[in-house]
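Below is one structure, written out as structure tokens; comments come after it.
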Protein chains: 2
Amino acid sequence: MATIIEVAAAAGVSTATVSRVLSQPGRVAEATRAKVMEVVAALDYRPNVAARTLRTLRAAKILLTVPDISNPFFASVIRGAEEAARDAGYAMVLGDTRHDPEVEDQYAEMLSRREVDGLVFLGHRLPASLEALVARQGASAPIVNGCEYSPEIGVPSVHIDNAAGSADAIEHLVQLGHRDIGVITGPPISPISRDRLTGALRAAERHGLKDRLCLREGDYGADSAHRAARELLAEGVTALFCFSDEMALGAISAVGAAGLSCPRDVSVIGFDDLPLARFFHPALTTIAQPKGMIGRRAVELLVGILRGIEPVERQLTLAHELIRRTSTGPAPNTR
Amino acid sequence: MATIIEVAAAAGVSTATVSRVLSQPGRVAEATRAKVMEVVAALDYRPNVAARTLRTLRAAKILLTVPDISNPFFASVIRGAEEAARDAGYAMVLGDTRHDPEVEDQYAEMLSRREVDGLVFLGHRLPASLEALVARQGASAPIVNGCEYSPEIGVPSVHIDNAAGSADAIEHLVQLGHRDIGVITGPPISPISRDRLTGALRAAERHGLKDRLCLREGDYGADSAHRAARELLAEGVTALFCFSDEMALGAISAVGAAGLSCPRDVSVIGFDDLPLARFFHPALTTIAQPKGMIGRRAVELLVGILRGIEPVERQLTLAHELIRRTSTGPAPNTR
DNA sequence: CCTGCGGATGTAATCCTTTACATCACCCCT
DNA sequence: AGGGGTGATGTAAAGGATTACATCCGCAGG
């Protein structure tokens with residue numbers, strides 16, 4: 001691999017000139033520029049990134065960690081984030097933490113070691129090794145949280161109003177005449193789960209149904225929801241609100257396995273609006289999150305911090321939307 | 001951020017000793033080691049990766065590019081690959097190319113610039129900028145192809161026997177009495193699609209059904225399959241073989257939309273065995289790929305090349321498996 | 001004709017780590 | 001006691017790019 005020294009020699013100029021041709025072409029005479037570019041092409045020269053990073057202390061990279069790459073929800077967020085990063089001149093490095101704090105820490109090390117300039121993390125845990133960084137740098141720490149939101153970690157974040165979205169789901173079911181509603185939640189350790197639960201309870205309370213809500217804890221995976229739904233169906237619920245579309249799929253599967261029909265006997269509503277949700281059978285009613293926009297805004301926030309711009313809003317709440325499809329219908333007793 | 005020089009000064013040793021403590025602790029006296037480690041902890045020192053990479057010409061990173069991060073199929077492959085990379089002491093950088101040759105090239109640049117030591121790509125296209133590299137380095141080029149396989153690109157690869165898997169699917173349907181079988185393929189540009197088509201045709205031929213197969217081209221997404229299935233159902237097929245589980249979901253959705261029932265009126269069989277496939281309604285019969293193992297073996301192959309070991313087998317064919325669930329059943333006319 | 005200025009280019013320090021080689025102290029053996 | 005070996009540590013040279021500062025040249029203005 002050719003180095004800048006060889007290029008300089010071949011073009012009969014100094015390395016400084018070659019460097020300038022590549023990074024600030026305007027500051028070089030046209031003839032020189034052309035000559036250098038010719039040699040660059042001939043030698044197939046590519047600047048060594050390690051050397052550049054070492055010198056400039058800037059990696060031009062952003063790290064995005066997701067807790068579970070197999071969750072299609074994150075795919076759309078990733079897309080949005082990557083586009084925004086590209087727009088801002090950053091490359092995006094993607095890490096799958098598998099909900100494992102140890103792996104999260106390993107990725108966080110990339111920031112400590114300056115392998116990347118900033119971090120967008122989509123989980124709910126700020127890696128331990130970065131707490132000191134946040135404490136030290138405060139608002140200028142190049143870290144942004146996406147999807148989730150924990151005020152106590154002191155990091156800017158982008159998310160929807162999960163409590164409100166959850167309330168909308170309950171409201172929708174109540175409107176359809178459902179009174180016996182099962183809720184399959186997420187692990188309470190995640191603020192998202194807690195917010196959604198709060199919202200669901202609040203909405204139920206408005207209709208005097210708070211104590212009638214049947215709660216079961218899921219883990220956002222179809223499997224856990226399948227089991228939880230089986231139990232809830234045995235208790236006679238006519239509607240199931242799942243904290244994720246994937247869990248809703250598991251719930252629908254349980255409805256069928258119980259010899260019941262969705263939505264005739266049991267309505268199911270999800271959360272996220274996965275691209276596949278409209279192909280579920282029946283097509284899934286769900287609360288849509290602006291997934292791409294969450295990713296995009298999170299990166300934009302981060303880039304702002306990297307450029308030294310204190311964000312006006314450190315908490316960005318984007319709009320959600322109830323998508324009505326065919327997995328929800330009138331409660332059986334109301335027909 | 002502390003540097004090795006500050007650590008050396010604080011510990012009263014030379015930078016060489018600090019470096020040795022960190023990378024080859026055995027070659028340093030115990031007392032010195034302890035002292036240095038103490039200072040390292042006190043100063044929260046982390047080696048600068050750029051400097052290390054520059055000096056060693058080794059990034060300790062592997063790049064994995066996937067054509068579509070939103071396809072859950074790849075999630076399992078990624079997991080396997082990451083585990084193998086970790087085992088071998090490499091970090092994994094993940095790139096989503098969105099089937100875009102331009103983006104593929106951008107990621108390939110990371111290899112040219114030595115930002116990463118090697119590349120595992122899961123698409124079917126070798127980025128143009130790497131063709132020269134392969135031509136020059138031949139078998140020692142640190143590039144491995146996963147899932148797909150194109151002999152002409154001259155790169156080692158890990159995959160299943162797609163033709164055989166496809167044949168198994170057709171065989172399964174024929175065994176159930178189906179004669180009018182619709183096949184929703186993938187874009188013929190992908191070798192995978194071509195192999196699967198070949199296999200399907202060969203199996204059909206064995207039963208004298210070759211000309212009776214109804215073919216429609218899909219793009220591996222649910223949407224395209226939904227449309228294709230609608231057309232095929234109008235032609236009266238009793239079974240649909242889809243080249244991906246995602247397409248199978250779209251097909252099942254079309255079966256329902258046509259007022260038919262799966263599997264009573266129409267059987268559907270997919271390909272891949274996504275984690276969610278067993279929660280489809282009905283649960284999907286499909287050809288399972290050893291996804292995690294594909295990722296793992298691909299990385300192991302790459303690591304072998306990076307260590308200078310010429311692989312014995314440059315093409316690794318792993319075993320697939322027919323998973324019988326409830327989306328396939330006897331042909332209606334045979335009951 | 002001299003001065004000064006601006007544009008183009010070169011010189012060389014710097015970023016931080018690794019490692020080949022040099023050095024040094026100490027011990028064992030003859 | 002001297003020579004040779006061994007183990008621990010230091011010295012200093014890369015590794016490749018960027019950039020502050022220096023230099024040089026030509027030209028315009030006085």
Side-chain angles (χ1 to χ4, degrees), chain A residues 1-40 43-61 89 91 109-117, chain B residues 1-40 43-61 89 91 109-117:
Chain A
M1 181 60 66
T3 73
I4 199 170
I5 300 177
E6 300 169 46
V7 173
V13 298
S14 74
T15 61
T17 300
V18 175
S19 177
R20 276 189 286 255
V21 166
L22 265 24
S23 53
Q24 9 184 2
R27 307 187 42 60
V28 161
E30 175 53 25
T32 315
R33 202 192 63 79
K35 175 65 186 160
V36 169
M37 288 310 285
E38 192 182 304
V39 174
V40 163
L43 296 180
D44 193 29
Y45 167 72
R46 327 278 170 104
N48 179 308
V49 170
R52 170 181 295 166
T53 301
L54 176 57
R55 181 58 230 241
T56 60
L57 300 179
R58 190 171 168 280
K61 269 184 221 150
E109 281 287 291
M110 292 183 72
L111 186 59
S112 307
R113 297 179 183 175
R114 324 221 57 136
E115 285 184 81
V116 296
D117 298 325
Chain B
M1 179 63 67
T3 73
I4 199 171
I5 300 176
E6 300 169 47
V7 174
V13 299
S14 72
T15 62
T17 300
V18 176
S19 177
R20 276 189 285 256
V21 166
L22 264 25
S23 54
Q24 6 181 5
R27 306 186 40 59
V28 161
E30 175 53 25
T32 315
R33 201 192 64 79
K35 174 66 185 159
V36 168
M37 289 309 286
E38 191 183 304
V39 174
V40 163
L43 267 45
D44 192 28
Y45 166 73
R46 327 276 169 107
N48 178 307
V49 170
R52 170 182 297 168
T53 301
L54 176 58
R55 178 60 228 238
T56 60
L57 300 178
R58 191 171 168 279
K61 271 186 219 147
E109 281 287 290
M110 293 183 71
L111 187 58
S112 307
R113 297 181 184 174
R114 325 221 58 136
E115 285 185 82
V116 296
D117 299 325

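In what follows, chains carry the letters A, B, and so on, assigned in the order in which the sequence lines appear, proteins first and then strands, with residues in each chain numbered from 1. Scope of the values below: all heavy atoms of this structure, side chains included, with no hydrogens, waters or symmetry mates. The structure displayed is predicted, hence computed values, not measured ones.
- Residue A/Thr17 is in sugar-phosphate contact alone, with no base atom involved, counting any heavy-atom pair closer than 4.0 Å across all strands shown.
- Considering only side-chain atoms of B/Leu54, the nucleotide from D/dG16, C/dT18, C/dC16 that sits closest is D/dG16.
- The two residues B/Ala10 and B/Lys35 have their closest heavy-atom pair at O-CE, 4.3 Å.
- Heavy atoms of B/Val18 sit nowhere under 4.0 angstrom from any nucleic acid atom.
- Taking atom CD of B/Glu30 as the reference point, atom P of D/dA8 lies 11 Å away to the nearest angstrom.
- The shortest side-chain heavy-atom distance between A/Arg46 and A/Val40 does not fall under the 4.5 Å cut-off.
- Between the CZ atom of A/Arg27 and the P atom of C/dG7 there is a distance of 9 Å, rounded to whole Å.
- Residue-to-nucleotide contacts include no donor-acceptor pair under 3.5 Å from the side chain of B/Arg55 to the base of C/dT17.
- A/Val28 comes within 4.0 angstrom of the backbone, heavy atoms only, and of no base.
- Ranking D/dT19, C/dT11, C/dT17 by closeness to the A/Ser14 side chain, first place goes to C/dT11.
- Mapping A/Arg52 and B/Arg33 onto DNA chain D by nearest heavy atom places B/Arg33 at the nucleotide closer to the 5' end.
- None of B/Val36, B/Val21, B/Val18, B/Leu22 except one satisfies the side chain to side chain contact (heavy atoms under 4.5 Å, CB included) rule with B/Val28; the exception is B/Val21.
- Taking atom CZ of residue A/Arg113 and atom P of nucleotide C/dT17, one finds them 11 Å apart after rounding to whole Å.
- A donor-acceptor contact under 3.5 Å links the side chain of A/Arg20 to the base of C/dG10.
- A straight line from CD1 of B/Ile4 to P of D/dT11 spans 14 Å, rounded to a whole angstrom.
- Of the residues near DNA chain D, B/Gly12 and B/Leu57, the one whose nearest nucleotide (by heavy atom distance) lies more toward the 5' end is B/Gly12.
- Of the possible polar contacts, none joining the A/Ser19 side chain to the A/Thr15 backbone as a donor-acceptor pair under 3.5 Å is found.
- One atom, CD of A/Gln24, and another, P of D/dA17, lie 16 Å apart when rounded to the nearest Å.
- Nearest approach of A/Ala59 to A/Asp117, heavy atoms of both residues: N-OD1, 2.8 Å.
- For A/Thr32, counting side-chain heavy atoms from C-beta on, the closest listed nucleotide (C/dT17, C/dG10, C/dA8) is C/dA8.
- Nucleic acid contact class of B/Ser23 (heavy atoms, under 4.0 Å, all strands): none.
- Between A/Lys61 and B/Glu115 there is a side-chain heavy-atom pair separated by less than 4.5 Å.
- Within 4.0 Å of A/Ala16, counting heavy atoms only, lies at least one base atom of the nucleic acid.
- Going from atom CG of B/Asn48 over to atom P of D/dG15 covers 18 Å, rounded to whole Å.
- Taking atom CD on B/Glu115 and atom P on D/dG15, their separation rounds to 20 Å, with Å as the unit.
- Within the nucleic acid shown, A/Thr56 comes within 4.0 Å of sugar-phosphate atoms alone, with no base atom in reach, counting heavy atoms only.
- Within the structure, a side-chain polar atom (N or O) of B/Ser19 is placed less than 4.0 Å from OP1 or OP2 of C/dT18.
- One atom, CG of A/Leu22, and another, P of D/dT19, lie 12 Å apart when rounded to the nearest Å.
- B/Thr53 comes within contact range of no nucleotide atom at all, as no heavy-atom separation falls under 4.0 Å.
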